[in-house]
Number of protein chains: 2
Amino acid sequence: MFKILVVEDERDIQDVVAYNLQQAGYEVLTAGRGDEGLRLAKSQRPDLVLLDVMLPGLSGKEVCQEIRRDPALAGMIIIMVSAKGEEIDRVIGFEVGADDYVPKPFSMRELLLRVQSAFRRTTARPTPAPPAEVTFEFGVLRVDVAAHRAWVQGREIELTALEFKLLVTLHDRKNRVQRRDTLLSDVWGVSMDVTTRTVDTHVKRLREKLGDAGVYVETVRGVGYRFSDTPESAVPQSEEG
Amino acid sequence: MFKILVVEDERDIQDVVAYNLQQAGYEVLTAGRGDEGLRLAKSQRPDLVLLDVMLPGLSGKEVCQEIRRDPALAGMIIIMVSAKGEEIDRVIGFEVGADDYVPKPFSMRELLLRVQSAFRRTTARPTPAPPAEVTFEFGVLRVDVAAHRAWVQGREIELTALEFKLLVTLHDRKNRVQRRDTLLSDVWGVSMDVTTRTVDTHVKRLREKLGDAGVYVETVRGVGYRFSDTPESAVPQSEEG
DNA sequence: CGCAGTCGTTACGGTTTTGTCGCACTTCGC
DNA sequence: GCGAAGTGCGACAAAACCGTAACGACTGCG
């Protein structure tokens, strides 16, 4: 069973979130302070950390960075951002290394979907997590997820945060079709109201920057997109069985 | 969005329940018979099944057991129990593998609460991804459902979304005849107003692309089509009579 | 404040997909 | 054999789909 650490200082929110996660079958740890959360993360190695930004002791941003600094902590991080009209930019989340974010206020249903989506991406990795796939490469493409860098034929290409996340998400479930709405919820987030056509645009931009490696991102007409390591357009000869 | 299948023979109840669930934002399928409900459950894979106990064709109990027998169907089941029975009914619901029950008569508010509660629990399942039959193959045909790709004799063939769905649907109940209207509701969907002759056209196109594997799709004159792994035309031993 | 970068949306157009129709052909009862 | 019903098949027009470019909103930066 998956272990989730909730770091949130507002007691009401902490209670509700913890209760619902437990009801949903997760093992839940809670912390009310940033430093306490970091300590628990290091000692308990949760699969997922739900992290508030405004925290006493240590800010969520700092906690996030500290967690990411420790290579032994391979779990995912979802940041809960107060939608107080300030810099709620998802970029903030990405900059410090979070995998996703949830704008406050959120419904439990929304949060559960996000949590589920996060675990879906990691394809059911048990608690004794081997070091996550921080880099992957094949053919002319090489991607360092942790460093947020990508190369094509040895030449580094510059991807925006969105493009990078789209690439990683596609690769996470390579050789499987991913529908547009699935990509939207995984890359953009559930509460984002963006049209599915937006996916197309970003796929196009991604392909553009990928250049020769663009063939890996395949269109499955009427369904979605698929990251394939055996692109049809690049396999002239049949495979053996 | 969550998909709910309502299996209920009383038309009034079916209408009210379906309408309210739709109003609540769910995708709703309906069936008036037990066997029809089971078929829809298998083909549409709803996240939740609302199941009446007293049903023509196949009792709710049997439907429930059949659903639970299929490991590919991971959705939840709520049984709607006629209160004119005794508390026995309540126990029955759990015995046959239902996740919850609602005593009749119930208010929509009550039912909606129960449904929401079910989804809270269901979202828990870290493995909602059905380990369904993602690939199947026999003879010269190989199909990767997740990747949405198909091969005949090692050579990849390009199927449209509809053709692919038709192929998978046929294969889902291989060696069994599927009538045209059945295929229409399973592949095209219930609200589609399409002629049954359309099925013929697409079967023809599918056969064409399948090439040597086209023999698997057999015509059952006056009824529909059948996906057979032992095609008549491929059986050398034949005795004319 | 202008500039550059990012991103979501919109519109356009080519291509593919798809539902329907008419007709030829097969199958079956007689 | 003959007729009727059922099915295969080719063609066609409408609709859907998707790549692409362009635009505007927004943000960070100098």
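All chains are named by letter (A, B, ...) in the order of the sequence lines, taking the proteins before the strands, and each is independently numbered beginning at 1. A quick note: this is a predicted structure, and the numbers were derived from the prediction, not measured.
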Ignoring the backbone of [X], work out which of [options] is nearest its side chain.
X: A:Tyr225; options: C:dT20, D:dG10, D:dG19; result: D:dG19
X: B:Arg221; options: D:dT7, C:dG8, D:dC18; result: D:dT7
X: B:Arg205; options: D:dA11, D:dA21, D:dG8; result: D:dA11
X: B:Arg197; options: C:dT9, C:dT20, C:dG22; result: C:dG22

Between [N] and [X], is there an OP1 or OP2 to side-chain N/O distance shorter than 4.0 Å?
X: B:Arg180; N: D:dT7; answer: yes
X: B:Thr201; N: C:dG19; answer: no
X: A:Thr160; N: C:dC7; answer: yes
X: B:Thr219; N: D:dG8; answer: yes
X: B:Trp188; N: C:dT18; answer: no

Inset, instruction - Supply the atom-to-atom distance B:Arg39 CZ to B:Arg33 CZ, rounded to the nearest 0.5 angstrom. - result: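 Going from the CZ atom of B:Arg39 to the CZ atom of B:Arg33 covers 10.5 Å.
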In whole angstroms, how far is the [atom2] atom of [N] from the [atom1] atom of [X]?
X: A:Asp200; N: C:dG13; atom1: CG; atom2: C1'; value: 15 Å
X: B:Lys209; N: D:dG8; atom1: NZ; atom2: C1'; value: 17 Å
X: A:Glu208; N: D:dT20; atom1: CD; atom2: P; value: 8 Å
X: B:His202; N: C:dC21; atom1: NE2; atom2: C1'; value: 14 Å
X: A:Phe164; N: C:dC7; atom1: CZ; atom2: P; value: 13 Å
X: B:Lys204; N: C:dG19; atom1: NZ; atom2: C1'; value: 14 Å
X: A:Glu163; N: C:dG5; atom1: CD; atom2: P; value: 13 Å
X: A:Lys165; N: C:dG8; atom1: NZ; atom2: P; value: 12 Å

Legend entry - Donor-acceptor under 3.5 Å (A:Glu163 side chain, A:Thr160 main chain):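 Side chain of A:Glu163 to backbone of A:Thr160, a donor-acceptor pair under 3.5 Å: yes, one is there.
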Legend entry - Sidechain N-carboxylate O distance under 4.0 Å for A:Lys209, A:Glu158: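 No, this pair does not count.
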Inset, instruction - Establish, from distance only, whether the side-chain atoms of B:Thr219 and B:Arg207 form a donor-acceptor pair under 3.5 Å. - result: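 Judged by distance alone, the side chains do pair up.
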Inset, instruction - Decide whether A:Asp200 and A:Tyr225 meet the rule of one side-chain donor and one side-chain acceptor closer than 3.5 Å. - result: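 Yes.
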Legend entry - Results of salt bridge (Lys or Arg N to Asp or Glu O under 4.0 Å) for A:Arg142 - residues two or more places apart only: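 Counting only residues at least two positions away or on another chain, A:Arg142 forms no salt bridge (Lys or Arg N to Asp or Glu O under 4.0 Å).
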Inset, instruction - Starting from the 5' end of DNA chain C, give me the residue, A:Thr198 or B:Thr196, whose nearest nucleotide shows up first. - result: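 Nearest-nucleotide comparison on DNA chain C picks A:Thr198.
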Inset, instruction - Looking at every strand, decide which applies to A:Val220 at a 4.0 Å heavy-atom threshold: base, sugar-phosphate, or nothing. - result: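 Sugar-phosphate only.
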Inset, instruction - Report the relative orientation of the aromatic rings in B:Trp188 and B:His202; use parallel for angles under 30°, tilted for 30 to 60°, perpendicular for over 60°. - result: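 Rings of B:Trp188 and B:His202: perpendicular, over 60°.
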Legend entry - Whether B:His148 and B:Phe164 hold their rings parallel, tilted or perpendicular, with breakpoints at 30° and 60°: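 Geometry flag for B:Phe164 against B:His148: parallel rings.
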Inset, instruction - Using five base pairs at each end, measure the axis-to-axis angle across the helix from C:dC1-D:dG30 to C:dC30-D:dG1 and round it to 10 degrees. - result: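 The end axes of the helix from C:dC1-D:dG30 to C:dC30-D:dG1 are about 30° apart, to the nearest 10°.
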